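In this text the structure is predicted, and so the values were computed from the model without any measurement. Lettering follows sequence order; numbering is per chain, from 1.
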Protein chains: 2
Amino acid sequence: MVSTTQELKEAGLKATVPRMKILEILDQRRDDHMTAEDVYKVLLENNEDIGLATVYRVLTQFEQAGLVHRHHFEGGQSIFELAQGEHHDHMLCTVCGKVEEFVDEEIEKRQLAIAKKAGYRITDHSLYIYGVCPNCQKKGK
Amino acid sequence: MVSTTQELKEAGLKATVPRMKILEILDQRRDDHMTAEDVYKVLLENNEDIGLATVYRVLTQFEQAGLVHRHHFEGGQSIFELAQGEHHDHMLCTVCGKVEEFVDEEIEKRQLAIAKKAGYRITDHSLYIYGVCPNCQKKGK
DNA sequence: GGATGTAATGAGAAGCTTTTGCATTTGTAA
DNA sequence: TTACAAATGCAAAAGCTTCTCATTACATCC
């Protein structure tokens with residue numbers, strides 16, 4: 001078990017209370033994909049005295065440090081997710097908002113090939129599949 | 001050559017001046033990927049008396065009518081692109097902002113397979129590759 | 001263990017993009 | 001041409017996110 005303090009130091013960040021709390025929250029909800037507002041709400045519930053501005057600042061720092069990934073799903077807000085394990089892509093239910101993760105080696109390979117062919121040095125990529133999950137299909141009909 | 005009036009009627013929209021002007025602009029700049037603000041600026045340059053709110057309204061209607069696609073690249077704003085020809089994905093240069101389009105049958109197939117396997121009824125998808133284009137790589141070094 | 005300098009934080013204001021309300025205008029169908 | 005519904009312009013408002021600045025907390029050095 002790695003302490004949050006240690007994790008932050010390794011990322012080159014001072015171990016402050018807000019940063020530790022936010023890291024904990026992201027850690028406890030690894031399956032969720034949270035907006036800054038979501039994180040802020042949890043802090044409020046826990047009676048932490050941490051401002052929304054700090055949440056945004058910290059999440060941005062985490063992103064720059066590689067601790068967190070930021071996504072731009074349809075709808076506008078940024079969504080944050082703890083960077084863990086390997087890269088993966090996302091499939092979202094447009095009805096209930098559920099998010100599933102997947103990896104497909106073939107797609108990864110093709111993307112690299114496409115970038116290479118065009119002479120691009122690839123820095124990042126994002127693939128979102130939008131649809132209706134099995135559960136919502138049942139309810140809808 | 002199809003008139004813009006006709007195009008709008010076919011899409012089930014009244015042929016109003018703002019809608020025709022905006023459609024023209026998108027048509028003239030098929031290679032660009034414009035924000036609402038971009039479109040508005042062109043209207044201003046052309047001395048059209050069309051408000052920004054109308055640009056947003058019209059673009060949203062065009063999207064719903066299937067005339068236009070809306071993208072959410074990194075950075076926040078929505079980007080609009082005339083719906084033409086087949087579906088394609090995007091590769092963006094993070095330095096100069098250039099946007100290239102590509103299609104890869106294999107990736108399309110894999111996406112369908114992934115959605116099907118998870119029981120999703122797929123409604124849409126987006127794939128963005130971010131990188132540095134050949135031109136900017138030269139300049140950078 | 002305590003002082004010191006720097007970096008981080010909280011609160012509110014500000015910035016951007018996008019949407020909305022409403023009075024007025026415009027397009028269309030009779 | 002008339003008349004009605006739909007569309008528009010403007011300004012205000014509503015999100016989301018960032019910035020400013022006075023205050024506080026962390027890490028380091030003694």
Between OH of B/Y40 and C1' of D/dT8 the distance, given in whole Å, is 13 Å

Could you check whether any side-chain N or O of B/D38 sits under 3.5 Å from a backbone N or O of B/T35, counting only pairs where one atom can act as donor and the other as acceptor? yes

Between A/H71 and A/H33, how do the two ring planes meet: parallel, tilted or perpendicular, split at 30° and 60°? tilted

State plainly whether the residues A/K21 and A/E48 are in salt-bridge range, i.e. N to O under 4.0 Å. yes

Report yes if at least one side-chain N or O of B/Y56 is closer than 4.0 Å to OP1 or OP2 of C/dT18; otherwise report no. yes

Whole angstrom is fine here: how far is it from NZ in A/K41 over to P in D/dC16? 9 Å

Tell me: NE2 of A/H71 to C1' of D/dT17, nearest whole Å? 19 Å

Gap between atoms CG and C1', on A/L52 and C/dG15 respectively (whole Å): 15 Å

What is the distance, rounded to the nearest whole Å, between atom CD1 of A/I22 and atom C1' of C/dT9? 11 Å

Which part of the nucleic acid, if any, lies within contact of B/I50, taking any heavy atom under 4.0 Å across all strands shown: a base, the sugar-phosphate backbone alone, or nothing? sugar-phosphate

Polar atom pairs between nucleotides 24-28 of chain D and protein, under 3.5 Å, N or O only, would you list them?
residue	atom	partner	partner atom	Å
D/dA27	OP1	A/A15	N	3.2

Could you tell me whether the phosphate oxygens of D/dT8, OP1 or OP2, come under 4.0 Å of any side-chain nitrogen or oxygen in B/R57? no

Expressed in angstrom and rounded to an integer, what is the separation of B/L23 atom CG from D/dA7 atom C1'? 16 Å

Just how far, in rounded Å, is C1' of D/dG15 from CD of A/E74? 18 Å

Can you check whether B/H90 and B/F73 have ring centres sitting under 6.0 Å from each other? yes

To the nearest 0.5 Å, what is the distance between CD on B/E63 and CZ on B/R70? 4.5 Å

Does D/dC16 have OP1 or OP2 under 4.0 Å away from a side-chain N or O of A/S78? no

Atom CG of B/D38 and atom P of C/dT17 are separated, to the nearest Å, by 10 Å

Taking the six-membered ring for Trp and the full ring for Phe, Tyr or His, determine whether the centres of B/H69 and B/H87 are under 6.0 Å apart. no

